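The model shown is predicted, which means the values in this text are computed figures rather than measured ones.
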Amino acid sequence: MEAAADNQSPSSSDVDVTPRGASSAVLRALQLIQYDDSDSKLQAAKEIRRLTKTSQRCRRLLAEAVIPLVSMLRVDSPQSHHESALLALLNLAVKDERNKMSIVEAGALDHVIRFLQSENINLQESATAALLTLSASISNKPIIGASGAIPLLVNILKHGTTQAKVDAVMALSNLSTYTDNLTVIIETDPVPSVVTLLKSSKRSSKTAEKCCSVIESMVGFDEGRTALAAEDGGILAVVEVLENGTRQAREHAVGALLTICESDRCKYREPILKEGVIPGLLELKVQGTPKSQTKAQTLLRLLRETPYPRSEIQPDTLENIVCNIISQIDSDEQSSKAKKMLAEMVQVSMEQSLRHLQQRALVCTPTDL
């Protein structure tokens, strides 16, 4: 989808029109969209889509086309109009808060929701991309959440095309930042589908980042924690993002694991530990964002606690080694020394590391996207 996300950069092949050409083209598009005949409207929609693909200036100049474009989404409009008008609106909304709000205020949301249920795959994809862009607006989040769109997005996440699934999870991530939407999202049981998408995505991808964002929000609920723990390889997928994700993704991943462990340490401590989370947490403690470092430190402390007396633990066990490392990191050790100690830990605990690798080998992970 050419402009489905606000942070998408234009490709090098996209050539923006000159200011003089833009003014002339914009005026023509605005004139065409006002005509009554369907051919003129369709031509205008295609021209607006082209002009707004990469030009922020054109998005502002063409803002008054929103209402006539929304009118092209009506059921009684020719089907050929729907996708062209929807894509033009999508491009108008990219990186333009006022247009995002205007599109929703003009009544586009009802039509977008209808298209989410369409058997036309292209229309369904375009509608999902439109919701992704519109949901980036703070003002639109509660409106979209109350519109009935969330269950449809989760359905897309389960049964849609690959691109639609990616856009759906990103839209859910946007919507989850509005507190009242969280209850609606958790009621749709999204975690299994989010985990499936996460497992099939590169851990360093934007998709993995958004999956972990949704998971972090959902594990704040008992239903979300239960669903994640029940998914084969669910906790492991989050641990792998903690190790190899983007900085923001790692922050979401450690936040999710910390929330789970804090909710019931006795229940979740072992499932988290057995996925080999300790090395990633130690690295995050040194190299992560400030939030990641704090969360990693807290989680390490929760994981290192044990119901057994310290005298019952052999001095060379992984747990004691981790305790020693953490105590020295807490004493303002430099990252280089922390890395050296981490290497020593891996060497000393070779037997447990081997068991961890064997466990991972048993987990079947789909091919990365």
Assess the side chains of Gln56 and Arg59: does a donor N or O sit below 3.5 Å from an acceptor N or O?
-> yes
Evaluate whether atom CG of Asp76 has more than 12 neighbouring non-hydrogen atoms of other residues, nucleotides or ligands under 6.0 angstrom away.
-> yes
Polar side-chain atom of Ser137 near backbone of Leu134 as donor-acceptor pair, under 3.5 Å = no
Any sub-3.5 Å donor-acceptor pair from Glu243's side-chain atoms to Gly280's backbone N or O?
-> no
Within the distance-only criterion (no hydrogens, no angle test), does the side chain of Ser263 pair as donor or acceptor with the backbone N or O of Ile260 below 3.5 angstrom?
-> yes
Indicate the atoms forming the closest heavy-atom contact of Asn99 with Ala63, along with that distance.
-> OD1-CB, 3.3 Å
Between Ser200 and Leu197, is there a donor-acceptor pair closer than 3.5 Å when you use the side chain of the first and the backbone of the second?
-> yes
Atom SG in Cys58, atom CG in Asp96: separation rounded to 0.5 Å?
-> 12.0 Å
Taking the side chain from Ser118 and the backbone from Arg114, do they hold a donor-acceptor pair closer than 3.5 Å?
-> no
Is the closest side-chain heavy-atom distance between Leu87 and Asn91 below 4.5 Å?
-> no
Pro192 versus Thr196: any side-chain heavy-atom pair under 4.5 Å?
-> no
Can you tell which of Lys202, Arg203, Arg250 makes a salt bridge (Lys or Arg N to Asp or Glu O under 4.0 Å) with Glu240?
-> Arg203
Considering only heavy atoms from C-beta outward, does the side chain of Leu303 approach that of Cys261 to under 4.5 Å?
-> yes
Using a strict 4.0 Å threshold on nitrogen-to-oxygen distance, state whether Glu97 and Lys100 make a salt bridge.
-> no
Which heavy atom of Thr289 sits nearest a heavy atom of Arg247, and at what distance?
-> CG2-NH2, 3.6 Å
Give a yes or no answer on whether the side chain of Gln293 reaches the backbone of Val286 with a donor-acceptor pair at less than 3.5 Å.
-> yes
Report yes or no: does Lys165 contribute a side-chain atom to a donor-acceptor pair with the main-chain N or O of Ser193 at less than 3.5 Å?
-> no
Kindly give the heavy-atom pair with the smallest separation between Ala45 and Ile33, and that separation in Å.
-> N-CD1, 4.4 Å
Here the gap from Leu299 atom CG to Leu257 atom CG, rounded to the nearest 0.5 Å, amounts to 6.0 Å
For Ile67, does the CD1 atom sit with more than 12 other heavy atoms under 6.0 Å from it, leaving out its own atoms?
-> no
Cluster overlap Leu32 with Leu51, hydrophobic side-chain contacts below 4.5 Å = no
Between Ser204 and Asn244, is any pair of side-chain heavy atoms under 4.5 Å apart?
-> no
Are Ile185 and Tyr178 linked, directly or through other ILVMFWY residues, by side chains that come within less than 4.5 angstrom of each other?
-> no
Pairwise side-chain contact, Val166 with Leu132, heavy-atom cut-off 4.5 Å (strictly under) | no
Distance from Leu69 atom CG to Arg49 atom CZ, nearest 0.5 Å?
-> 12.5 Å
If we only count heavy atoms from C-beta on, is the Asp167 to Glu125 side-chain gap below 4.5 Å?
-> no
Is it true that Met101 and Leu92 fall in one hydrophobic cluster, defined by side-chain heavy atoms closer than 4.5 Å?
-> no
Here the pair of heavy atoms bringing Phe115 nearest to Leu73 is CZ-O, 3.7 Å
Nearest-0.5 Å distance that lies between atom CD1 in Ile113 and atom CD in Gln117 | 8.0 Å
Would you say the side-chain atoms of Asp39 and Gln43 include a donor-acceptor pair closer than 3.5 Å?
-> no
Treating Ile, Leu, Val, Met, Phe, Trp and Tyr as nodes and any side-chain heavy-atom pair under 4.5 angstrom as an edge, say whether Leu42 and Leu30 lie in one connected cluster.
-> no
With rounding to the nearest 0.5 Å, note down the distance linking CG in Leu172 to CG in Leu182.
-> 11.0 Å
Looking only at heavy atoms, the pair that brings Val219 and Glu216 closest together is CG2-O, 3.4 Å
Report yes or no: do Ser213 and Ser173 form a side-chain donor-acceptor pair below 3.5 Å?
-> yes
For the pair Glu231 (side chain) and Ala227 (backbone), establish whether a donor and an acceptor sit closer than 3.5 Å, ignoring hydrogens and angles.
-> no
Taking His82 for the side chain and Arg74 for the main chain, is one N or O donor matched with an acceptor at less than 3.5 Å?
-> yes
Between atom CD of Gln124 and atom CD1 of Ile156, what is the distance when rounded to the nearest 0.5 Å?
-> 3.5 Å
So, do Lys41 and His81 sit near enough that their side-chain heavy atoms are less than 4.5 Å apart?
-> yes
Where do Leu300 and Ile278 land on the side-chain contact (heavy atoms from CB on, under 4.5 Å) test, with the steps shown first?
-> CA-CA 7 Å; Leu300 281 166; Ile278 296 298; 3.9 Å; yes
Derivation and outcome, side-chain contact (heavy atoms from CB on, under 4.5 Å), residues Gln79 and Asn120 = CA-CA 11 Å; Gln79 290 190 2; Asn120 183 320; 6.0 Å; no
Starting from the C-alpha separation in whole Å, work towards a yes-or-no answer on side-chain contact (heavy atoms from CB on, under 4.5 Å) for Leu302 and Leu258.
-> CA-CA 9 Å; Leu302 287 173; Leu258 177 58; 3.8 Å; yes
Would you mind reporting whether Arg225 and Asp264 have side-chain heavy atoms less than 4.5 Å apart?
-> no
Side chain to side chain donor-acceptor pair (under 3.5 Å) with Thr246: of Lys206, Glu209, Glu251, only one passes, and it is Glu209
In this structure, are over 12 heavy atoms from other groups packed under 6.0 Å from Arg60 atom CZ?
-> yes
What is the minimum heavy-atom distance between Lys141 and Leu175, and which atoms define it?
-> O-CD2, 3.9 Å
